Amino acid sequence: MLFVRLANLDGVYGSNILDDRLIAHLSTKDIKVVNVLLQRSARLPAWASLIDAATQQRIAEARRSGRRIILSHEALFRIAHHGPVDALIVHNYFTHFAFRGRPLVERCYRLGSPAFYRKAFAAANSVFFISQREHRLALSDFPTLSGRSGICIVPPHPTPRVKRSDRVVHISGTKVWLPKKLSALTPEDIRQLTAAGYRIEDLDAPVTPGFALINDRFEVGFKLKLTQMLHSRDVIASRCDLHEEMESICPRNPFYRQVASVEEAIAFFQEITETHSPHEIDAYYERMEAKGFLPSWQDFATRLLDLMERPGAD
């Protein structure tokens, strides 16, 4: 198996974390990893990478030798434009990228993407998604994916938890990617959180269960942090619409709400503090955990391999 992944030198992205953990759990010893440096192109879509000659040669050799080829990340799907591959892992389905209030940013990421995905999907034996919403939209755009596509949400890292606090707000994620920069907390946002008595923390281990704010204003790029916050038993406020994703993972979660501002997030946190005890919040998540509502990384790897072995069954 040849696992082709995107290498980032300017920061740690969620895609790096996903690939590292997936590779560690793939139940095959005959796996070689190819790291591809992102090379911007004047061609569309703007986020797709040019593929260097050395990588193209390794892919060609893998095809000749009968190795299975996995392309992890849409920036690398141009490889599939030049020959068949066994699996694509779609980290972000940009054809429906939504960033409310930023139409130019939306167009930047959408432009050229339908034809790009169409060509890659046609060359792939199977296509794997990590978002319920994006899988649904891709099936609507490309009905031929039915029967050779599958989904598994990104599992959380099994981080140990300590005692819950009603003063902690988790805000996680890289600030390197342009949409993340445009969604970053402003000094006024931070001032409001501080004035309300909250301290901002990341999801580092051991994690303190508390509150969480997904400040992204766009509807890709949240997948890893959402499941990590659920694993941390957080009360979650999100500035992007994650209703469909949340319903697929943790239906009717009373400790999730979409908000329009940091001010609304603070009001939600204070409402929960007034109406629910720490024990009630923990008990709710304990019940969900007993049902196995979050997959493991072994589950994730197994579902991918099953899809590759038995295309034709969602």
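Since this is a predicted model, take the numbers as computed values, not measurements. Just so you know, residue 1 is the first one in the sequence shown, and it goes up from there.
Qualifying side-chain contact (heavy atoms from CB on, under 4.5 Å) partners for Gln298, counting only residues two or more places apart in sequence or in other chains: His25, Ser296, Ala301, Thr302. For Arg191, the salt bridge (Lys or Arg N to Asp or Glu O under 4.0 Å) criterion is met by Glu188, not counting sequence neighbours. Arg58 meets the salt bridge (Lys or Arg N to Asp or Glu O under 4.0 Å) test with no other residue; sequence neighbours excluded. In terms of the salt bridge (Lys or Arg N to Asp or Glu O under 4.0 Å) criterion, Glu245 has no residue partners (sequence neighbours excluded). Residues that satisfy the ring-ring contact (aromatic ring centres under 6.0 Å, His included) test with Tyr93, not counting sequence neighbours, are His96, Tyr117. Scanning for salt bridge (Lys or Arg N to Asp or Glu O under 4.0 Å) contacts around Arg161 gives Glu289, with sequence neighbours left out. Not counting sequence neighbours, the partners of Thr95 by the side chain to side chain donor-acceptor pair (under 3.5 Å) test are Ser113. Among residues two or more places apart in sequence or in another chain, the side chain to side chain donor-acceptor pair (under 3.5 Å) test is passed with Arg167 by none.
Counting only residues at least two apart or on different chains, the ring pair (Phe, Tyr, Trp, His ring centres under 6.0 Å) pairs with a member in residues 141-163 are Phe121-Phe142. Judged as a side-chain hydrogen bond (donor to acceptor under 3.5 Å, both in side chains), the pairs with a partner in residues 99-108 (not counting sequence neighbours) are, in order, Arg100-Glu219. Applying the side-chain hydrogen bond (donor to acceptor under 3.5 Å, both in side chains) test to residues at least two apart or on different chains, the pairs with a partner in residues 73-86 are Glu74-Asn92. Pairs of residues two or more places apart, or lying in two chains, that qualify as side-chain hydrogen bond (donor to acceptor under 3.5 Å, both in side chains) and include a residue from residues 267-278 are Arg257-Glu271.
For the ring-ring contact (aromatic ring centres under 6.0 Å, His included) criterion with Phe99, the lone passing option out of Phe218, Tyr109, Phe94 is Phe218. Of the residues Leu213, Asp166, Val168, Val169, the one that meets the side-chain contact (heavy atoms from CB on, under 4.5 Å) test with Tyr198 is Val169.
Without hydrogens or angle criteria, Asp141 side chain to Ala138 main chain gives no donor-acceptor distance under 3.5 Å. With Arg110 contributing its side chain and Phe97 its backbone, the two residues share a donor-acceptor pair below 3.5 Å. A donor-acceptor pair under 3.5 Å is formed between the side chain of Ser238 and the backbone N or O of Cys240. In this structure, Thr159 contributes its side chain and Ala205 its backbone to no donor-acceptor pair below 3.5 Å. Judged purely by atom type and a 3.5 angstrom limit, Asn35 has no side-chain atom pairing as donor or acceptor with the backbone of Ala7. With Arg67 contributing its side chain and Lys32 its backbone, the two residues share no donor-acceptor pair below 3.5 Å. Within the 3.5 Å criterion, the main-chain N or O of Arg252 finds a donor-acceptor partner in the side chain of Glu247. With Thr194 contributing its side chain and Ile190 its backbone, the two residues share a donor-acceptor pair below 3.5 Å. Side chain of Arg148 to backbone of Leu307: no donor-acceptor contact under 3.5 angstrom is found. Judged purely by atom type and a 3.5 angstrom limit, Ser146 has no side-chain atom pairing as donor or acceptor with the backbone of Pro143.
With a 4.5 Å cut-off on side-chain heavy atoms, Ile281 and Arg164 count as touching. Counting heavy atoms from C-beta on, the side chains of Ile89 and His91 come closer than 4.5 Å. The side-chain heavy atoms of Pro295 and Phe300, taken from C-beta on, include no pair separated by under 4.5 Å. For the pair Arg40/Leu50, no side-chain contact is recorded, criterion being any heavy-atom separation below 4.5 Å from C-beta on.
Side-chain contact annotation: His170 with Ser232, donor-acceptor N/O pair under 3.5 Å absent. For the residue pair Ser183 / Asn215, no side-chain donor-acceptor distance below 3.5 Å is found, with atom types taken as modelled. With no hydrogens or angles considered, a side-chain donor-acceptor pair links Ser149 and His135 at under 3.5 Å.
Linking ILVMFWY side-chain heavy atoms closer than 4.5 Å, directly or via other members, places Leu38 and Leu178 in a single hydrophobic cluster. Hydrophobic clustering of Ile, Leu, Val, Met, Phe, Trp and Tyr side chains at less than 4.5 Å, counting indirect connections, keeps Ile272 apart from Val259. The same ILVMFWY cluster, assembled from side-chain heavy atoms under 4.5 Å apart, contains both Phe293 and Leu203.
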Phe268 vs Tyr256, test: ring pair (Phe, Tyr, Trp, His ring centres under 6.0 Å). Steps then yes/no.
CA-CA 9 Å; Phe268 174 49; Tyr256 163 78; 8.0 Å; no
Set out, in order, the CA-CA distance, both residues' side-chain angles and the distance that settles side-chain contact (heavy atoms from CB on, under 4.5 Å) for Met1 and Leu26, then state yes or no.
CA-CA 10 Å; Met1 177 186 293; Leu26 285 170; 4.1 Å; yes
Test salt bridge (Lys or Arg N to Asp or Glu O under 4.0 Å) on Arg68 and Glu309; report intermediate values, then the result.
CA-CA 11 Å; Arg68 293 186 296 176; Glu309 294 293 342; 2.6 Å; yes
Do Arg5 and Asp20 pass the salt bridge (Lys or Arg N to Asp or Glu O under 4.0 Å) test, and can you show the C-alpha distance, the side-chain angles, and the key distance before you say yes or no?
CA-CA 10 Å; Arg5 59 178 291 180; Asp20 287 344; 2.7 Å; yes
Dump the intermediate steps for salt bridge (Lys or Arg N to Asp or Glu O under 4.0 Å) on Arg239 and Asp216, then the final yes or no.
CA-CA 6 Å; Arg239 296 193 68 179; Asp216 300 341; over 6 Å; no
Check the pair Thr208 / Lys163 against side-chain contact (heavy atoms from CB on, under 4.5 Å), numbers first and verdict last.
CA-CA 6 Å; Thr208 303; Lys163 185 178 179 181; over 6 Å; no
Trace of the side-chain contact (heavy atoms from CB on, under 4.5 Å) decision for Phe3 with Val34
CA-CA 6 Å; Phe3 191 102; Val34 178; over 6 Å; no
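Nearest heavy-atom pair across Leu76 and Leu6 is CD1-N, 3.6 Å. Nearest approach of Ile214 to Lys225, heavy atoms of both residues: CG1-CD, 3.9 Å. Taking all atoms of both residues into account, the shortest heavy-atom contact from Ser72 to Asp19 is OG-OD1, 2.6 Å. Residue Cys152 comes nearest to Phe128 through the heavy atom pair CB-CZ, 3.6 Å, listed as atom of the first residue, atom of the second, then distance. When all heavy atoms are compared, the tightest approach of Leu88 to Val85 is CD2-CG2, 3.8 Å. Taking all atoms of both residues into account, the shortest heavy-atom contact from Tyr284 to Pro251 is OH-O, 4.1 Å.
Classification of the Phe255-Tyr285 ring pair by plane angle, with boundaries at 30° and 60°, yields tilted.
By the 6.0 Å contact criterion, CD on Glu61 is enclosed, its count of non-hydrogen atoms from other residues, nucleotides or ligands being greater than 12.
Taking the six-membered ring wherever Trp is involved, the centroid distance between the rings of Phe116 and Trp47 falls below 6.0 Å.
Salt-bridge annotation for Arg136 and Glu134: absent, with no side-chain N of the basic residue lying under 4.0 Å from a carboxylate O of the acidic one.
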